[in-house]
Amino acid sequence: MKLITAVIKPFKLDDVKAALEQFGIKGMTVSEASGYGRQRGHTEVYRGAEYQVDLVPKVRVEVLAEEDDAEDVIDVIVKAAQTGKIGDGKVWSVPVDTVIRVRTGERGPEAL
Amino acid sequence: MKLITAVIKPFKLDDVKAALEQFGIKGMTVSEASGYGRQRGHTEVYRGAEYQVDLVPKVRVEVLAEEDDAEDVIDVIVKAAQTGKIGDGKVWSVPVDTVIRVRTGERGPEAL
Amino acid sequence: MKLITAVIKPFKLDDVKAALEQFGIKGMTVSEASGYGRQRGHTEVYRGAEYQVDLVPKVRVEVLAEEDDAEDVIDVIVKAAQTGKIGDGKVWSVPVDTVIRVRTGERGPEAL
Amino acid sequence: MKIDTGTTAWMITATALVLLMTPGLAFFYGGMTRAKSVLNMMMMSFVSIITVTLTWVLYGHSLAFDAFGDGDNVINKIIGGGDALGLQSLIDTATKDDGTGMPNLVFSAFQLTFAIITVALISGAIADRAKFGAWVVFGIAWATLVYFPVAHWVWGGGWLAGLGIEDFAGGTVVHVNAGAAGLALAFVLGKRTGWRKDPMRPHNLTLVLLGVGLLWFGWFGFNAGSELAVDGTAGLAFMNTQVATAAAAGAWILVEKLRDGHSTTLGVASGAVAGLVAITPACGFVDPWAALVLGLVAGAVCAYAVGLKYRFGFDDSLDVVGVHLVGGAIGAVSLGLIARYPFADGQNEGLIYGGPISQLGVQVLGPVAVGLYSFIMAYVIGKIIDKTMGFRIEQEDEVTGIDITTHAETGYDLGTVHSSGVASVNGPVSAAQAKKVDA
Amino acid sequence: MKIDTGTTAWMITATALVLLMTPGLAFFYGGMTRAKSVLNMMMMSFVSIITVTLTWVLYGHSLAFDAFGDGDNVINKIIGGGDALGLQSLIDTATKDDGTGMPNLVFSAFQLTFAIITVALISGAIADRAKFGAWVVFGIAWATLVYFPVAHWVWGGGWLAGLGIEDFAGGTVVHVNAGAAGLALAFVLGKRTGWRKDPMRPHNLTLVLLGVGLLWFGWFGFNAGSELAVDGTAGLAFMNTQVATAAAAGAWILVEKLRDGHSTTLGVASGAVAGLVAITPACGFVDPWAALVLGLVAGAVCAYAVGLKYRFGFDDSLDVVGVHLVGGAIGAVSLGLIARYPFADGQNEGLIYGGPISQLGVQVLGPVAVGLYSFIMAYVIGKIIDKTMGFRIEQEDEVTGIDITTHAETGYDLGTVHSSGVASVNGPVSAAQAKKVDA
Amino acid sequence: MKIDTGTTAWMITATALVLLMTPGLAFFYGGMTRAKSVLNMMMMSFVSIITVTLTWVLYGHSLAFDAFGDGDNVINKIIGGGDALGLQSLIDTATKDDGTGMPNLVFSAFQLTFAIITVALISGAIADRAKFGAWVVFGIAWATLVYFPVAHWVWGGGWLAGLGIEDFAGGTVVHVNAGAAGLALAFVLGKRTGWRKDPMRPHNLTLVLLGVGLLWFGWFGFNAGSELAVDGTAGLAFMNTQVATAAAAGAWILVEKLRDGHSTTLGVASGAVAGLVAITPACGFVDPWAALVLGLVAGAVCAYAVGLKYRFGFDDSLDVVGVHLVGGAIGAVSLGLIARYPFADGQNEGLIYGGPISQLGVQVLGPVAVGLYSFIMAYVIGKIIDKTMGFRIEQEDEVTGIDITTHAETGYDLGTVHSSGVASVNGPVSAAQAKKVDA
Ligand SMILES: Nc1ncnc2c1ncn2[C@@H]1O[C@H](COP(=O)(O)OP(=O)(O)O)[C@@H](O)[C@H]1O
Ligand SMILES: Nc1ncnc2c1ncn2[C@@H]1O[C@H](COP(=O)(O)OP(=O)(O)O)[C@@H](O)[C@H]1O
Ligand SMILES: Nc1ncnc2c1ncn2[C@@H]1O[C@H](COP(=O)(O)OP(=O)(O)O)[C@@H](O)[C@H]1O
């Protein structure tokens with residue numbers, strides 16, 4: 001089992017969610033974050049003064065998926081979140097030992 | 001070492017925390033999230049119009065635990081968070097290479 | 001590849017960020033969290049009544065790093081975040097299967 | 001110049017109260033939008049204070065309240081003259097010669113505040129998606145071509161006044177007028193991205209209630225002040241305002257409770273505004289029991305009327321039509337039935353007090369005529385703006401949030417982390433940045 | 001009808017000011033609750049405006065301020081008559097025949113606003129856990145059976161007025177009365193889940209300060225308006241209100257600084273309210289220096305009194321007892337010592353000005369009698385409601401949050417993500433949903 | 001005692017309005033800080049109400065408005081006498097003997113509110129970093145040594161009054177005075193940690209707009225009330241206030257649009273305040289067209305002036321200098337050109353109406369003298385406090401947030417999780433805790 005984490009632009013959440021649903025993903029967890037990567041280093045003017053701004057708002061999407069689906073899920077997310085501009089975000093995948101559905105106590109793939 | 005992540009109903013946080021403490025867990029990290037799984041697809045009426053709502057507020061609890069405790073910790077969480085209704089949440093466990101306590105720089109189990 | 005997660009004191013974020021930059025880290029993701037470890041159990045007086053307070057605000061920093069840099073990154077974070085007092089936080093590291101840059105679709109080390 | 005100090009004391013106060021209503025409206029509207037567009041929503045109200053004040057001083061007062069020529073001509077039925085351009089002629093003159101009036105500048109300031117809020121009201125129909133510059137231009141044009149003339153028609157000696165229309169504090173001039181313009185703009189701008197799909201619920205209901213609190217408070221100046229004197233009628237207008245508002249708020253949340261199973265905060269807020277709107281034209285003309293009934297009717301009807309936009313498919317975002325157009329019309333027409341204290345020449349009691357059906361006719365004609373005129377003019381002005389400078393922002397800017405893309409600010413930055421470079425862990429940081437990144 | 005325009009101008013203004021106090025109270029109380037119950041807290045205040053306004057128009061004014069029969073009978077000592085049902089008889093009549101008064105409808109509206117806020121004040125004792133419908137019923141019943149009679153006792157020519165009680169603006173009628181009822185309801189409803197275990201700290205102190213700001217502002221109408229005239233006493237009441245409030249706020253935060261090591265925002269807010277409450281009965285009767293001393297005492301005593309609930313184990317959630325019951329009683333009793341300007345028949349100076357001990361007796365008797373009556377009646381009404389329709393919500397609903405479970409709304413939705421289906425990343429989405437999911 | 005009820009009605013109202021300005025300022029300032037210091041910012045305003053009210057009652061009124069001796073001596077040019085210590089002598093006396101005045105206590109309360117807000121204004125220069133106790137001491141000292149004397153110079157019959165200075169409502173006494181003191185304190189306390197590196201943007205612009213809304217509303221009491229009568233000049237002052245404010249807000253956002261590409265909410269807010277400040281000394285002296293021009297100039301100039309601090313490197317955190325010192329000076333000096341309605345002995349029309357250049361001289365001299373005096377005194381008082389009790393908090397406390405470290409509270413706790421022990425998932429929990437953990 002894999003945990004796929006995507007840090008994306010907030011306004012792309014909708015598209016990513018729709019794409020995942022269409023792909024057949026049955027659940028996800030979303031939270032707010034900030035970050036920077038290549039995108040950093042732009043300046044901002046406010047009230048006549050200039051500032052360097054680092055951290056930009058992002059949305060973090062986490063999806064638990066079966067081993068075999070993982071690559072496809074990643075592709076789906078990347079495609080849906082892409083604008084081609086810096087700040088598009090990162091996706092990574094981590095191995096998961098076990099998943100449990102709290103309601104039933106089911107484990108593994110059935111818990112998804 | 002394992003990192004156990006639980007996405008649960010907000011009002012169950014108290015019970016989960018109490019259960020973990022009783023089990024002897026000495027630390028945890030909590031944050032806010034939203035998500036859906038089987039629970040999605042209900043509708044909501046507001047001001048005379050109906051909407052499909054997807055993402056429901058959840059609390060994410062993260063616990064670092066020793067390899068041997070991991071299964072027990074999961075059981076403790078699942079038991080405490082269970083209401084038997086959809087939306088109860090998910091728990092998963094991920095392998096951890098190493099843990100460090102910032103204050104002292106201790107590593108591994110001592111750092112917990 | 002590794003995902004290094006640090007849960008630190010909020011007012012140390014600046015120092016950690018600066019230290020990571022100097023080390024050459026090109027990206028990070030930051031979010032808000034709460035937690036407790038050894039630090040728990042202090043009391044607080046408000047309006048003449050006393051309360052036990054558990055969860056203290058923290059900042060979570062996540063850094064994706066190459067296998068070989070992981071140890072150094074951890075050291076950099078620990079050094080920058082340390083005040084020597086309880087509540088300084090935890091750092092842990094998790095193996096990552098793959099990382100993708102959304103903008104380009106690049107994978108692995110190049111995606112960092 | 002002789003004036004009555006008591007009357008003037010109250011009218012100065014009333015003017016300040018009505019001015020406060022526009023910030024109140026900004027909070028009411030601002031709280032109802034999503035967090036990403038609260039600033040733009042409030043800015044539309046605040047900039048209306050600017051545009052209308054400046055046009056009022058330059059020529060608005062004259063167009064609305066000066067007589068054209070000697071006043072006894074056909075042009076004066078439509079529009080006022082130009083004697084008070086720049087307001088200079090009002091200095092050191094009073095509304096009445098017998099010493100029972102107030103300085104003309106106080107009267108002018110009082111009327112100015114009505115013009116301001118009428119323009120601001122319209123903005124509720126176009127939340128989240130209007131170009132700021134376009135809104136500024138629209139406000140100036142609509143005030144000039146619609147509000148000033150219509151105020152003249154009803155209160156400045158124009159044709160509706162001649163017909164004996166009863167509009168104590170502006171059910172027709174303010175609410176029907178603004179509501180119809182809002183409807184027109186909702187058509188001109190089209191629906192928000194995601195409308196009917198996202199709930200688009202109020203992001204801050206404490207702000208909504210703050211707005212309602214200030215509106216209710218200020219509305220006493222609006223309604224009781226419209227008597228332009230301190231007397232029994234002012235007292236009646238005050239009490240009726242309170243009674244109708246409470247009744248309407250109660251009726252609205254009762255409808256909600258019965259229909260949806262719960263009474264909402266937005267319901268209490270909307271119901272109160274619906275009551276205030278409906279009693280506006282009627283407050284000095286009716287008995288307290290009639291105000292109570294009028295409030296109940298307005299609250300219940302408007303609770304349903306705000307659903308109309310879903311049926312007819314126009315995105316009147318914050319219910320300007322359902323509350324102001326419908327509520328204002330209810331109040332205006334009701335006077336044909338329940339008016340009991342007409343005071344001007346040509347005004348009559350309502351049907352149930354034996355008044356003539358013609359009064360009911362005028363009470364219907366007024367809102368219809370004003371509503372149609374305002375709708376058509378707003379639509380034409382809106383379309384011209386849309387074709388020239390454009391009235392709607394880019395979709396990507398709308399989805400990202402109009403606050404950050406238009407005003408380079410976000411409403412809130414409550415994150416605990418404010419160290420260097422972390423302007424906000426939770427919120428967009430700046431348009432400048434957004435621009436540079438996304439473009 | 002002849003009136004004084006200056007007096008009427010001020011009384012209309014004062015009425016609007018006092019009405020604004022109830023929204024102010026809603027913000028003060030709302031900010032003090034946790035984020036998940038801010039809407040319900042504010043709704044309890046707003047719905048009090050509705051229930052009390054409607055009952056006032058129908059019969060409240062009559063019960064409180066009409067004389068029963070010719071006024072010279074034993075029933076009138078307890079309760080008023082019915083001449084002003086529907087307020088119809090007040091139209092076009094004035095409070096005084098000599099032209100120095102105001103329209104009766106203005107007087108009625110002024111008194112109405114007092115009834116409203118008194119009911120709303122009670123709600124602070126039962127934050128987070130009361131059924132909304134039960135609160136509506138309680139408000140109507142308590143206003144009818146307690147407020148209207150008590151107002152009659154003190155201000156309407158009833159038995160306490162006969163004894164020469166001094167209560168300028170309602171220390172007894174409003175604050176002791178509401179505080180005692182709050183205490184009773186705290187017992188009826190029981191403690192909140194988690195009380196004494198969770199800090200349950202204010203979720204929005206800017207809202208608390210907004211509430212205090214509006215209360216302070218409105219309270220000038222409350223206190224100086226209670227002179228019902230524009231004269232030197234009104235000026236004295238105004239100045240004393242300012243002095244006592246500042247002194248009490250200062251005393252409260254000084255106590256905090258010395259006791260806890262820091263002065264808090266909630267302390268300044270609570271201290272100001274304590275001062276306003278304590279000076280309410282006294283403002284027109286005392287010298288500025290006495291107002292200063294009274295403020296200092298009230299601020300310091302109430303800073304300790306809010307801790308009583310922990311000692312005695314009742315969950316008076318937002319300190320209605322510690323601030324209003326205690327503060328109101330301090331002010332009432334103090335007049336037995338420091339009153340200097342009695343004005344009605346039977347009223348006397350305080351002890352230090354050589355007044356009789358009997359005045360002190362009356363000043364003690366008043367709050368005790370009113371407090372007991374209100375406590376008992378509120379307890380009985382509350383218990384009846386609890387046994388029939390139930391007064392407290394389910395515990396799961398309470399823990400989840402009364403806003404979402406009762407009103408199907410949440411106060412804030414500040415998340416940056418508002419794309420389709422993401423009503424809020426941070427907040428509960430709707431009761432409907434919560435219901436469907438959890439049930 | 002005979003008074004005019006209309007005048008008194010308005011002056012009581014105006015006093016309440018001006019008092020509301022200080023909470024308004026608290027919200028305006030509070031919204032501009034970062035979330036971690038909003039409470040301290042607001043507390044500095046609220047505690048100014050306390051300190052200034054108490055000093056005013058004890059001796060402030062006397063120093064400012066009593067004549068020293070018979071008034072005809074050199075000491076009286078500098079400072080007032082002591083007849084009204086404790087305000088006792090004001091009871092039951094009126095401002096005028098002919099019955100056209102108001103109770104002296106109303107006049108005193110009105111002037112008190114000016115003293116309060118002037119002190120509160122200063123706090124904007126030292127956001128986020130001042131010891132609370134030090135601020136309390138500074139406020140008392142500066143009010144005593146600077147505000148009371150300066151008010152006497154200009155309005156109490158002192159030397160500037162003797163020279164015929166025109167300052168209708170306090171451009172010099174209030175705004176230049178406070179602005180200069182703010183500048184001094186900015187130097188005494190030094191820059192905030194991270195200044196120029198972090199944007200330090202407003203954390204809550206809805207709060208900023210609320211503040212501006214209340215300030216604007218209250219300012220009508222400030223300006224029109226300063227006529228101390230209800231007459232044509234009060235009406236003129238009212239209208240001019242509205243016109244200049246709208247013009248200045250418009251000018252500011254136009255400058256922003258042209259310079260930065262977008263009009264901001266903070267710009268509208270700051271522009272409105274700049275306009276209110278600039279028209280303050282002028283409102284009763286000039287024509288509406290002149291108010292319009294003055295507003296445009298003040299808005300545009302101040303939009304640039306707030307950038308001065310970056311050029312000169314002082315951290316006037318919330319732009320007290322750029323808005324109040326600059327705006328107040330513009331208004332004061334402008335009267336030398338555009339004053340048209342002088343009313344006191346020694347006052348003259350402005351240059352363009354053929355007035356003498358000497359009036360312009362006095363209009364320059366006033367702000368310069370007051371500004372220098374206030375700057376020097378504030379600097380000296382500030383330095384003495386800094387050397388003795390310390391004026392600035394520890395850097396770690398500043399970075400963590402002054403709210404939690406000084407007041408043991410945080411402004412907001414909006415997290416959805418409020419179960420036991422989770423005071424807040426999102427926010428700092430308590431100073432107590434922070435102390436125990438970090439120390
Ligand atoms: N090394 C990293 N570790 C953790 N998160 C990262 C890392 N690099 C980037 N991110 C996350 O990805 C987001 C987008 O990164 P960015 O560099 O802007 O994308 P790109 O490299 O495609 O331009 C950042 O805001 C941050 O949250
Ligand atoms: N595939 C998944 N990946 C990540 N998180 C998930 C996934 N499925 C469910 N979740 C999380 O678990 C929460 C509860 O899921 P839900 O489907 O409602 O539980 P159940 O399946 O027991 O009814 C969701 O709100 C979401 O945050
Ligand atoms: N077992 C754990 N699992 C997950 N997070 C933990 C754990 N222990 C501590 N933490 C996180 O680390 C933070 C700091 O821990 P703390 O115990 O205060 O540090 P220390 O042990 O060095 O005193 C906590 O607030 C919590 O967020």
Side-chain angles (χ1 to χ4, degrees), chain D residues 1 3-10 12-13 15-16 19-20 23-24 26-27 30 38-39 42-43 46-47 49-51 53-54 57 86-88 91-92 94 102-106 108-109 112 132 204 207 210 214 406-416 418-423 430-431, chain F residues 4-7 9-10 13 17 34-36 194 197-206 209-210 212-214 216-217 220-221 224 229-232 234-236 238-239 242-243 245-247 249-250 253 257 260-266 268 272 287-289 292 399 401 412 414 426-428:
Chain D
M1 181 186 64
I3 56 165
D4 181 75
T5 59
T7 293
T8 305
W10 164 236
I12 294 181
T13 305
T15 306
L19 188 87
L20 183 63
F27 306 137
V38 55
L39 296 182
M42 299 194 299
M43 284 289 271
F46 273 85
V47 86
I49 309 184
I50 299 173
T51 52
T53 299
L54 300 186
V57 172
L87 303 187
Q88 203 63 27
I91 294 177
D92 249 324
M102 68 191 99
N104 267 319
L105 278 176
V106 172
S108 180
L112 159 59
F132 189 61
N204 188 345
L207 200 59
L210 169 61
L214 295 181
T406 292
H407 302 293
E409 291 171 309
T410 50
Y412 310 90
D413 178 3
L414 305 178
T416 52
H418 293 264
S419 25
S420 80
V422 192
S430 90
Chain F
D4 181 75
T5 58
T7 292
W10 164 237
T13 304
L17 286 173
R34 288 166 292 171
K36 66 183 177 185
K197 211 169 119 245
D198 312 345
M200 299 183 173
R201 304 180 65 154
H203 84 283
N204 188 344
L205 281 161
T206 67
L209 282 192
L210 169 61
V212 168
L214 294 181
W216 197 330
F217 175 59
F220 290 119
V230 173
D231 57 16
L236 181 66
F238 192 108
M239 179 59 91
Q242 175 66 9
V243 172
T245 306
I253 60 175
K257 180 75 191 173
D260 311 331
H262 37 247
S263 301
T264 70
T265 312
L266 188 59
V268 140
D287 283 323
W289 72 261
L292 201 158
V399 173
Y412 310 89
L414 304 178
N426 271 327

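The chains referred to below are lettered A, B, ... by the order of the sequence lines, with proteins before strands, and numbering in each begins at 1.
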query: Side chain, backbone, both or neither: which part of D/Ile91 has a heavy atom under 4.5 Å from chain F?
result: side chain
task: State, to 0.1 Å, how close D/Thr410 and F/Leu205 come at their nearest heavy-atom pair, and which atoms those are.
output: O-CD1, 3.6 Å
- prompt: What part of D/Thr51 lies closer than 4.5 angstrom to a heavy atom of chain F: side chain, backbone, both or neither?
  reply: neither
message: Can you tell me how far apart CH2 (F/Trp10) and CD1 (D/Ile12) are? Round to the nearest 0.5 Å.
response: 5.5 Å
Choice from F/Thr7, F/Thr13, F/Val243, F/Thr264 maximising heavy atom contacts with chain D below 4.5 Å: F/Thr264
query: Between D/Tyr412 and F/Thr206, is any pair of side-chain heavy atoms under 4.5 Å apart?
result: yes
statement: Smallest heavy-atom separation, D/Thr406 atom then F/His262 atom, equals O-CB, 3.2 Å
task: State, yes or no, whether a side-chain contact exists between D/Phe132 and F/Ser263 at a heavy-atom distance under 4.5 Å.
output: yes
statement: So, the part of F/Asp4 with a heavy atom under 4.5 Å from chain D: the answer is side chain
message: Please classify the contact between D/Thr15 and chain F as side chain, backbone, both or neither, with a heavy-atom cut-off of under 4.5 Å.
response: both
task: Can you see which heavy atom on D/Met42 is nearest to which on F/Leu209, and at what distance?
output: CE-CD1, 3.4 Å
- request: Check the pair F/Phe238, D/Val106 against side chain to side chain contact (heavy atoms under 4.5 Å, CB included), reporting the backbone distance first and the verdict last.
  value: CA-CA 8 Å; F/Phe238 192 108; D/Val106 172; 5.8 Å; no
message: Let's test your reading of the structure: which of D/Leu19, D/Asn104, D/Thr8, D/Leu214 forms the most heavy-atom pairs below 4.5 Å with chain F?
response: D/Leu19
message: I need the residue from F/Thr5, F/Asp231, F/Val399 with the largest number of non-hydrogen atom pairs under 4.5 Å to chain D.
response: F/Asp231
- prompt: What's the spacing between D/Leu414 CG and F/Arg34 CZ if we round to 0.5 Å?
  reply: 14.0 Å
- prompt: Nearest heavy-atom pair of F/Ala246 and D/Ile49: which atoms, and what distance?
  reply: CB-O, 4.0 Å
task: List the atom of D/Leu39, the atom of F/Thr265, and the distance in Å for their closest heavy-atom pair.
output: CB-OG1, 3.5 Å
field: Among D/Val38, D/Leu54, D/Val47, residue most engaged with chain F (heavy-atom pairs, under 4.5 Å)
entry: D/Leu54
field: D/Glu409 side-chain N/O to F/Leu266 backbone N/O, donor-acceptor pair under 3.5 Å
entry: yes
- prompt: Looking at D/Asp413 and F/Ala35, what are the two nearest heavy atoms and their distance?
  reply: O-CB, 3.8 Å
message: In the structure I gave you, are the side-chain heavy atoms of F/Leu210 and D/Phe27 within less than 4.5 Å of one another anywhere?
response: yes
- line: Assert top hit (heavy-atom pairs under 4.5 Å, partner chain F, pool D/Ala16, D/Gly6, D/Ala109, D/Pro103) equals D/Ala16
